[in-house]
Amino acid sequence: MAKNLLIVESPAKAKTINKYLGKDFQVLASYGHVRDLKPKEGAVDPEHQFAMHYEIIERNEKHVDAIAKAAKLADDIYLATDLDREGEAISWHISEILKDRGLTAGKQLHRVVFSEITPKAIKAAVAAPRQLSHDLVDAQQARRALDYLVGFNLSPVLWRKVQRGLSAGRVQSPALRMIVEREEEIEAFKAREYWTVEAQLRHAEGEFSAKLTKLRGKKFEQFDLTNEHDAMAARTVLKEAAHGRLTVSEVGSKERKRRPAPPFTTSTLQQEAARKLGFTTSRTMKVAQGLYEGVSIGSEGNVGLITYMRTDSVALSDDALGELRALIARDFGHKALPDHAQFYKSKSKNAQEAHEAIRPTSAMRTPREVAAFLNDEQRKLYELIWKRTVACQMIHATLNTVSVDFDLPHAAGGPAAFRATGTTVVDPGFLAVYEEGRDQKNADDEDEGRRLPRLEKGEQVPLHEIAADQHFTEPPPRYSEASLVKALEEYGIGRPSTYASIIQVLLNREYVLLDNRRFKPTDIGRAVGKFLTQHFTRYVDYDFTAKLEDELDAVSRGEEAWVPLMQRFWQPFKQQVEEKTESVDRSEATGARELGSDPKSGKPVFVRLGRFGPYAAIGDKDSDEKLQFASLRPGQSMHTITLEEALELFKLPRKLGAAPNGDEVSVGIGRFGPFVKQGSTYASLKPEDDPYTIELPRALQIVQEKLELLANRVIADFGNGVQVLNGRYGPYITDGEKNARIPKDTEPKELTEAQCLELLAAAPVKKGGRFGRKTAAKKEPAAKKTAVKKAATKKAATKATKKTATKKTAAKKTATKKAAAKKTAAKKTPA
């Protein structure tokens, strides 16, 4: 039996570490968090110093039991969970569970941390353990308590005022506010027209263009030409002044240096993986976790390929710097190597969550060498990390920017001028390996790579054309995953380990959706965001949220106690929750809007958020009369829908005409979506069909397809309930209770009854019906029910009789034993 027990979070990490430590160590995984707050009110008690009541997470009970069993036999226990606050808290929870079970008496509990899973790092960590950091544990507990109190107190307010089932989060809510406010900016944006003017020039070395920089003696600005008439007039003046050529008045050349970006932090890795690989933040973290915990590399076995991926540090170890410089000299030559290693300073105020930036554990493992052992996503992410890390230690790139001015001193109305610019790479430096992506292109990006012909002052260049182009200003773009993470980091909202979960929570709650990889708030998300912004302004305020994060960081550094922090937050928050619960009107909270009046009835038309989403209604909502309701169409928003668009919703059901057999044909929207009805036959519309515009011929075609499907539904019927049917997703076998798939190499028509019964016997029992609802139990005949009930009663009575008899026998045996013991004691007692 191993003398030492080492506990990590994941089984993959346990497998990798196990081979490094030898037979004296047993490595077990906790499978993440082992305890959490009890999922009910009162798990955090503000009346008693915010005491927190935990329980073991049910799914991890067996792993906790395995750890406890091993701890009982071990001499020393090493807690080797991740090196951030979450990891520290998991170690603390494990130690508390072991203490509660009396398994730590006489044993040493060691805390070990490492930022990479390599033999050297693991052995060094085990050789230099420390004690648990209660400052880090307190910071994590404070964060958990804050999130719990916000959720348990703010969510019920949303249920009452907005919609049942909603929830609010302390950090997610400011992120939602960002997305909602950006959407409001876009809606409020008014496009402005402007025109640009460019001279298209022809030279022996190639064609190029020059932008207008001066007009009528003044510097040409973006909005100097705002309509076609003025733009064409300016174009005419410039063409007349040029006489078919432009003269070079000035040639300028400026050399500049571009520095490489620092190595990856969690935030910058998520941003670049989104830009360059199209990964979501959660996908990036999952793939990075696998690379960190270990990948099987041929004869080497499991090897951790990157350092810890939750970090806001940009530091690199001396060993890593030495290896990177050796690799650069070997593969790119000494000219690509700066005189000294390059050091980067973190922007984070609290960059102590991890020891290093995200880097390869060995730069000598090039992407090409490990590619065969990685899946496609792992290969792409490893290559991104490797390139960024290598590039950060290479020399700067040297760029040469050339500008050429062309003057028209005698233009009507005053002098005019054009300028052509281009940038060439003199020495690529780090750009030979890696270039950082950008969310939006700027003027420098447009000029880079554009080569201008060699021109000299006084040279005349033939003019091909002067083009005037119309443009319109554009609204700010919606947030992408990369730009949202960047904004969260800049505002100080959340921390590296939380960005992915913030985004995932917003998506899971359907507060936002991804439209062309950009976040768009749903109507529910807007209602929640606006409600919180208007009525709980302080708690979705960016500065307040960032300040609270800074205070949690101070707790982690031991500079502040966590209970006073909690008290400062709790009292005003509780008071505001109580006040808003009573004072806010529901229609205001849901963002209800009155759009105008129905021309036919004169009744008001309004939109609001209901139990099943946004809807339009006609009628006076304050009177007793029955309202007309219509759900909004996909893509419509209650915040932007017009009166005309809302009235269109009430045109369903639409009568399209009659079928050849005389049946009436109509379309409508039902519980399961848009449908067409012919007589008593219903058929769902296809995704490309619009119930508001579909015509009779297409509707008849859809019904005919449904009738043909029904006619051809039964492939085989064996007369005992067993059938082979054509279903929505292809042929299958059923007996009414179970469904079975048909093997790919089997022809459905050729199946025998015996084969069907065999496949049904092997098929799993259906757990639920359509849309996840439980399948309704079949009704049994009353006689059968009665028989079953009697049998159950008889069985219960027999069981009770047996139990009573067993109790009597046990009591009798106990009495006999007591009498015998008494008799023996009497014999032994001296007279």
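In what follows, residues are counted from 1 in the order of the sequence shown.
Between Gly290 and Val295, the shortest heavy-atom distance links the atoms O-CG2, 3.8 Å. In plain terms, the two heavy atoms of Ala699 and Val676 that are nearest each other are CB-CG2, 3.5 Å. Contact detail for Leu79 and Ile94: the closest heavy-atom pair is CD2-CG2, 3.9 Å. Nearest heavy-atom pair across Leu28 and Ile67 is CD1-CA, 4.0 Å. Taking each heavy atom of Ala763 and Ala740 in turn, the nearest pair found is CB-CB, 3.9 Å. Between Leu166 and Val528, the closest heavy-atom pair is CD1-CG2, 3.7 Å.
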Pair Tyr499-Ser282, side-chain contact (heavy atoms from CB on, under 4.5 Å): steps then yes or no
CA-CA 9 Å; Tyr499 299 140; Ser282 56; over 6 Å; no

Take Arg608 and Asp523 through the salt bridge (charged side-chain N to carboxylate O under 4.0 Å, His left out) test and state the conclusion after the steps.
CA-CA 9 Å; Arg608 66 185 305 172; Asp523 280 348; over 6 Å; no

Could you go through Asp376 and Arg379, starting from their C-alpha distance and side-chain angles, then the distance that decides it, and tell me whether this counts as salt bridge (charged side-chain N to carboxylate O under 4.0 Å, His left out)?
CA-CA 5 Å; Asp376 192 49; Arg379 177 187 60 76; 2.6 Å; yes

I'd like to know whether Cys756 forms a side-chain contact (heavy atoms from CB on, under 4.5 Å) with Val724, so could you lay out the CA-CA distance, the side-chain angles of the two residues, the decisive distance to 0.1 Å, and finally the verdict.
CA-CA 8 Å; Cys756 290; Val724 183; 3.9 Å; yes

Let's go through Arg283 and Glu377 carefully: what are the C-alpha distance in whole Å and the side-chain angles of both, what is the deciding distance for salt bridge (charged side-chain N to carboxylate O under 4.0 Å, His left out) to 0.1 Å, and is it a yes or a no?
CA-CA 9 Å; Arg283 171 57 55 189; Glu377 289 184 333; 3.3 Å; yes

With salt bridge (charged side-chain N to carboxylate O under 4.0 Å, His left out) as the criterion, how do Lys380 and Glu383 come out once you've worked through the C-alpha distance, each side chain's angles and the decisive distance to 0.1 Å?
CA-CA 5 Å; Lys380 287 177 179 177; Glu383 185 175 21; over 6 Å; no

Evaluation steps, side-chain contact (heavy atoms from CB on, under 4.5 Å), between Ser10 and Tyr31:
CA-CA 5 Å; Ser10 78; Tyr31 287 77; over 6 Å; no

Begin from the C-alpha positions of Val667 and Phe675 and carry the test side-chain contact (heavy atoms from CB on, under 4.5 Å) through to its verdict.
CA-CA 6 Å; Val667 289; Phe675 66 87; over 6 Å; no

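The distance from atom OH of Tyr292 to atom CD1 of Ile306, rounded to the nearest 0.5 Å, is 9.5 Å. A distance of 11.5 Å separates CZ of Arg275 from CD of Gln270, quoted to the nearest 0.5 Å. Expressed to the nearest 0.5 Å, how far CD1 of Ile117 lies from CD1 of Ile17 amounts to 5.0 Å. Atom OH in Tyr148 sits 10.5 Å away from atom NZ in Lys38 (nearest 0.5 Å). If you take CG on Leu751 and CG on Leu759, they are separated by 7.0 Å, rounding to the nearest 0.5 Å. The distance from atom CG of Asn60 to atom CG of Asp65, rounded to the nearest 0.5 Å, is 10.5 Å.
Glu481 places a side-chain heavy atom less than 4.5 Å from the side chain of Leu514. You'll find the side chain of Arg365 reaches within 4.5 Å of the side chain of Ser362, heavy atoms only. Proximity of Glu9 to Ile90: side-chain heavy atoms (C-beta onward) are separated by under 4.5 Å at one or more points. Between Glu737 and Leu760 the shortest side-chain heavy-atom distance does not fall below 4.5 Å. With contacts defined as side-chain heavy-atom distances shorter than 4.5 Å, the pair Leu484/Thr281 does not qualify. At least one side-chain heavy atom of Pro691 sits less than 4.5 Å from a side-chain heavy atom of Leu652. For the pair Leu725 and Ile733, the minimum side-chain heavy-atom distance is 4.5 Å or more. Residues Val505 and Ile503 fail the side-chain proximity criterion, which asks for heavy atoms closer than 4.5 Å.
The environment of Glu510 atom CD is sparse: at most 12 non-hydrogen atoms of other residues, nucleotides or ligands sit within 6.0 angstrom. Other residues, nucleotides and ligands contribute more than 12 heavy atoms inside 6.0 Å of the CD atom of Glu708. Within a 6.0 Å radius of OH in Tyr692, other residues, nucleotides and ligands contribute more than 12 heavy atoms. Lys686 NZ: more than 12 foreign heavy atoms inside a 6.0 Å radius. For Lys677, the NZ atom sits in a loose shell: 12 or fewer heavy atoms of surrounding residues, nucleotides or ligands are nearer than 6.0 Å. Counting heavy-atom neighbours within 6.0 Å of Glu41 CD, excluding the residue itself, gives a total of 12 or less. For NZ of Lys19, the number of neighbouring non-hydrogen atoms (other residues, nucleotides, ligands) closer than 6.0 Å is greater than 12. Enclosure of atom CD in Glu705 by more than 12 non-hydrogen atoms of other residues, nucleotides or ligands within 6.0 angstrom is indicated.
In this structure, the side chain of Arg518 engages the main chain of Arg478 through a donor-acceptor pair within 3.5 Å. Judged by distance alone, with hydrogens and angles left aside, the side-chain atoms of Gln163 form a donor-acceptor pair with the main-chain N or O of Gly610 at under 3.5 Å. Between the side chain of Lys13 and the backbone N or O of Gly294 there is no donor-acceptor pair closer than 3.5 Å. Thr81 contributes a side-chain N or O that, together with a main-chain N or O of Gly87, makes up a donor-acceptor pair within less than 3.5 Å. The backbone N or O of Thr280 lies less than 3.5 Å from a partner atom in the side chain of Thr284, making a donor-acceptor pair. Gln636 contributes a side-chain N or O that, together with a main-chain N or O of Arg633, makes up a donor-acceptor pair within less than 3.5 Å. Side-chain N or O atoms of Thr734 include one that pairs as donor or acceptor with a backbone N or O of Lys738 at under 3.5 Å. Panel note: side chain Thr16, backbone Glu293; a donor-acceptor pair is recorded below 3.5 Å. With hydrogens and angles ignored, the 3.5 Å screen pairs no side-chain donor or acceptor of Ser155 with any backbone N or O of Phe152.
Glu116 and Thr361 form no side-chain donor-acceptor contact under 3.5 Å, judged by distance and modelled atom types alone. Using a 3.5 Å distance cut-off with no hydrogens or angles, the side chains of Asn720 and Glu753 do pair a donor with an acceptor. For the residue pair Asn726/Tyr732, the side-chain donor-acceptor check at 3.5 Å is not satisfied. A side-chain donor-acceptor contact under 3.5 Å links Gln755 and Thr752. No hydrogens or angles considered: nothing links the side chains of Ser666 and Arg654 as a donor-acceptor pair under 3.5 Å.
Below 30°, between 30° and 60°, or above 60°: for His93 and Tyr54 the angle between ring planes is above 60°, a perpendicular geometry.
Remark: Lys651 engages Glu648 in a salt bridge, criterion side-chain N to carboxylate O under 4.0 Å.
The aromatic ring centres of Phe519 and Tyr479 sit 6.0 Å or more apart.
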